[in-house]
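Structure, as structure tokens:
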Amino acid sequence: MKPAKSSPVQIARRGLMLVISSPSGAGKSTIARTLLETDKHIGLSVSVTTRQRRPSEVEGVHYHFKSVREFERLRDSDSLLEWAEVHGNFYGTPREPVEQAMAEGRDMLFDIDWQGAQQLQEKMSADVVSIFVLPPTMTELQSRLHRRAEDSEEVIQTRLANSRAEIGHWREYDYVIVNDDLNTAFDAVQSIVKAERLRRDRRHGMFDFVRELLEETPSL
Ligand code: ADP
Ligand code: 5GP
């Protein structure tokens, strides 16, 4: 006998909020960039910051660079989903692009620190998947900061001094990755994204699929 037709409420898929944090120099931006290049179904949340632009950075691509006054105006008008002071500068996530992406079911990547990760977790826990990236050694962390060659020695020293406190937050994340070999670390991130997209509550269309599956009566 065919089951009575029910009309389950269609819950549209919401986007995934993939948060990546690490101490400065551990390689999260490199991993994030590789993910954005290889996975066309995820977009970057471009933060606002009061930090000085690095030589390799492009306004609107890596960050929206703002004065402290402009940043405060955005923060005080509730235009930021989260914000924090990191290494002596302000950073924040513009609210509007994130809310739009989530409503449209598009996935978004956030390269933000532990304070931002905590705020997103509090506000949008069902959508957040978080990854903490660790360096293989503190010596390697230091040499990566030098090899990147984009910050002054003073800035590098501040970041190194802050790194131990940042690492202390690793257990607040869903996943932890040691970025020793970049390909291995990137494979792990891809596996996480793939599995998280397969979670039952992110499978848009499953209600219809299962209903039709159960309505089918094999002829033989
Ligand atoms: P973060 O965004 O965490 O501050 P970056 O992604 O800018 O760090 O990486 C810091 C430096 O380390 C860059 O020069 C990058 O090319 C390099 N790097 C990243 N991952 C690795 C790795 N697995 N092995 C060697 N160098 C790496
Ligand atoms: P950097 O100056 O190296 O680009 O970033 C410094 C730190 O600020 C990194 O830990 C980075 O993840 C974090 N960060 C970047 N954008 C944001 C943001 O919008 N919010 C928060 N909370 N942290 C951010």
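For ligands, and for the atoms within them, numbers begin at 1 and follow the listed sequence.
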Self-check item: Ser67 side chain reached by Glu70 side chain, heavy atoms, under 4.5 Å
Solution: yes

Quiz item: Can you tell me how far the CE atom of Met102 sits from the CE atom of Met17, to the nearest 0.5 Å?
Solution: 5.5 Å

Quiz item: Is the side chain of Asn179 donor-acceptor paired with the backbone N or O of Ala26 at a distance under 3.5 Å, no angle test?
Solution: yes

Self-check item: Heavy-atom nearest neighbour in the protein, as seen from atom 13 (C) of ligand 2, with distance rounded to 0.1 Å
Solution: Asp113 N, 3.7 Å

Quiz item: In the protein, which heavy atom is nearest to atom 20 (N) of ligand 1, and how far is it?
Solution: Asn179 ND2, 3.0 Å

Exercise. Before accepting this row, confirm whether a basic side-chain N of the pair Glu57/Arg51 lies closer than 4.0 Å to the acidic partner's carboxylate O.
Key: yes

Self-check item: Part of Lys28 with heavy atoms under 4.0 Å of ligand 2, whether side chain, backbone, both or neither
Solution: side chain

Exercise. Could you tell me the residue and atom name of the protein heavy atom closest to atom 7 (C) of ligand 2, and the distance to it rounded to 0.1 Å?
Key: Val86 CG1, 3.7 Å

Quiz prompt | Heavy-atom side-chain proximity of Val128 to Leu16 below 4.5 angstrom | solution = no

Quiz item: Which atoms from ligand 1 have a heavy atom of Arg147 less than 4.0 Å away?
Solution: 25 (C), 26 (N)

Quiz item: Between the side chains of Asp113 and Ser21, is a donor N or O closer than 3.5 angstrom to an acceptor N or O?
Solution: no

Quiz item: Is Glu72 salt-bridged to Arg69, going by a charged N under 4.0 Å from an acidic O?
Solution: no

Quiz item: Is ligand 2 less than 4.0 angstrom away from at least one heavy atom of Gly92?
Solution: yes

Quiz item: Among protein heavy atoms, which sits nearest to atom 27 (C) of ligand 1, and what does the distance come to when rounded to 0.1 Å?
Solution: Arg144 NE, 3.6 Å

Practice problem: Mark the output for Pro23 as yes if a heavy-atom distance to ligand 1 is under 4.0 Å, and as no if none is. | Solution: yes

Quiz item: Looking only at atom types and distance, does a side-chain atom of Gln142 sit under 3.5 Å from a main-chain N or O of Met138, one as donor and one as acceptor?
Solution: no

Self-check item: Closest protein heavy atom (residue, atom, distance) for atom 17 (C) of ligand 2
Solution: Tyr91 CB, 3.4 Å

Quiz prompt | Criterion side chain to side chain contact (heavy atoms under 4.5 Å, CB included) against Val189, the qualifying member of Ile31, Thr34, Asp39 | solution = Ile31

Quiz item: Which protein heavy atom lies closest to atom 13 (C) of ligand 1, and at what distance to 0.1 Å?
Solution: Arg148 CB, 4.2 Å

Quiz item: How far is atom 2 (O) of ligand 1 from its nearest protein heavy atom, and which residue and atom is that?
Solution: Ser29 OG, 2.6 Å

Self-check item: Protein contact of atom 10 (C) of ligand 1 - nearest heavy atom, named by residue and atom, plus distance
Solution: Gly25 O, 3.6 Å

Quiz item: Just by distance, with hydrogens left out, do Thr139 and Thr137 show a side-chain donor and acceptor under 3.5 Å apart?
Solution: no

Exercise. Could you tell me which atoms of ligand 2, counted from 1 in the order shown, lie closer than 4.0 angstrom to a heavy atom of Ala84?
Key: 22 (N)

Quiz item: Is ligand 1 less than 4.0 angstrom away from at least one heavy atom of Asp180?
Solution: yes

Practice problem: Please report which non-hydrogen protein atom sits nearest to atom 3 (O) of ligand 2, along with the residue it belongs to and the distance in Å to one decimal place. | Solution: Arg159 NH1, 2.6 Å

Quiz item: With under 30° as parallel and over 60° as perpendicular, where do the rings of Phe90 and Trp83 fit, or are they tilted in between?
Solution: perpendicular

Quiz item: To which protein heavy atom is atom 19 (O) of ligand 2 closest, and what is the distance rounded to 0.1 Å?
Solution: Ser47 OG, 2.7 Å

Exercise. Name the closest protein heavy atom to atom 15 (C) of ligand 1, giving the residue it belongs to and the distance to 0.1 Å.
Key: Thr30 OG1, 3.6 Å

Exercise. Return the option from His62, Arg54, Glu82, His64 holding the heavy atom at the smallest distance from atom 18 (C) of ligand 2.
Key: Glu82

Exercise. With heavy atoms under 4.0 Å as the rule, classify the contact between Ser22 and ligand 1 as side chain, backbone, both or neither.
Key: side chain

Exercise. Could you tell me which atoms of ligand 1, counted from 1 in the order shown, lie closer than 4.0 angstrom to a heavy atom of Gly27?
Key: 1 (P), 3 (O), 5 (P), 6 (O), 8 (O), 9 (O), 19 (C)

Quiz item: Looking only at protein heavy atoms, which one is nearest to atom 4 (O) of ligand 2, and how far off is it?
Solution: Tyr63 OH, 2.5 Å

Quiz item: So, the side chain of Lys28 versus the backbone of Gly25: is there a donor-acceptor pair under 3.5 Å, distance only?
Solution: no

Exercise. Among residues two or more places apart or on two chains, list those pairs meeting ring-ring contact (aromatic ring centres under 6.0 Å, His included) that have a residue in residues 111-142.
Key: Trp114-His169, Phe132-Tyr173

Quiz prompt | Ligand-side contact atoms (ligand 2) for residue partner Gly116, heavy atom cut-off under 4.0 Å | solution = 22 (N)

Quiz prompt | Ligand-residue contact atoms, ligand 2 with Thr93, heavy atoms, under 4.0 Å | solution = 19 (O)

Quiz item: So is there a nitrogen or oxygen of Val48 less than 3.5 Å from a nitrogen or oxygen in ligand 2?
Solution: no

Exercise. Output the distance between atom NE2 (His87) and atom CD (Glu166), rounded to the nearest 0.5 Å.
Key: 4.5 Å

Self-check item: Atom indices of ligand 1 within 4.0 angstrom of Ser24 heavy atoms, with elements
Solution: 4 (O)

Quiz item: Between Lys123 and Leu81, is there a donor-acceptor pair closer than 3.5 Å when you use the side chain of the first and the backbone of the second?
Solution: yes

Exercise. Please could you name the atoms of ligand 1 that Leu182 approaches to less than 4.0 Å, counting only its heavy atoms?
Key: 20 (N), 23 (N)

Quiz prompt | Subset of ligand 2 atoms that lie under 4.0 Å from at least one heavy atom of Arg51 | solution = 1 (P), 2 (O), 4 (O)

Exercise. For the pair Thr49 (side chain) and Tyr91 (backbone), establish whether a donor and an acceptor sit closer than 3.5 Å, ignoring hydrogens and angles.
Key: no

Exercise. Have a look at Asp111, Leu81, Thr49 and point out the one with the heavy atom closest to atom 11 (C) of ligand 2.
Key: Asp111

Quiz prompt | Side-chain touch His41/Arg197, heavy atoms, less than 4.5 angstrom | solution = yes

Quiz item: Which atoms of ligand 1 sit under 4.0 Å from any heavy atom of Lys28?
Solution: 1 (P), 2 (O), 3 (O), 4 (O), 6 (O), 8 (O)

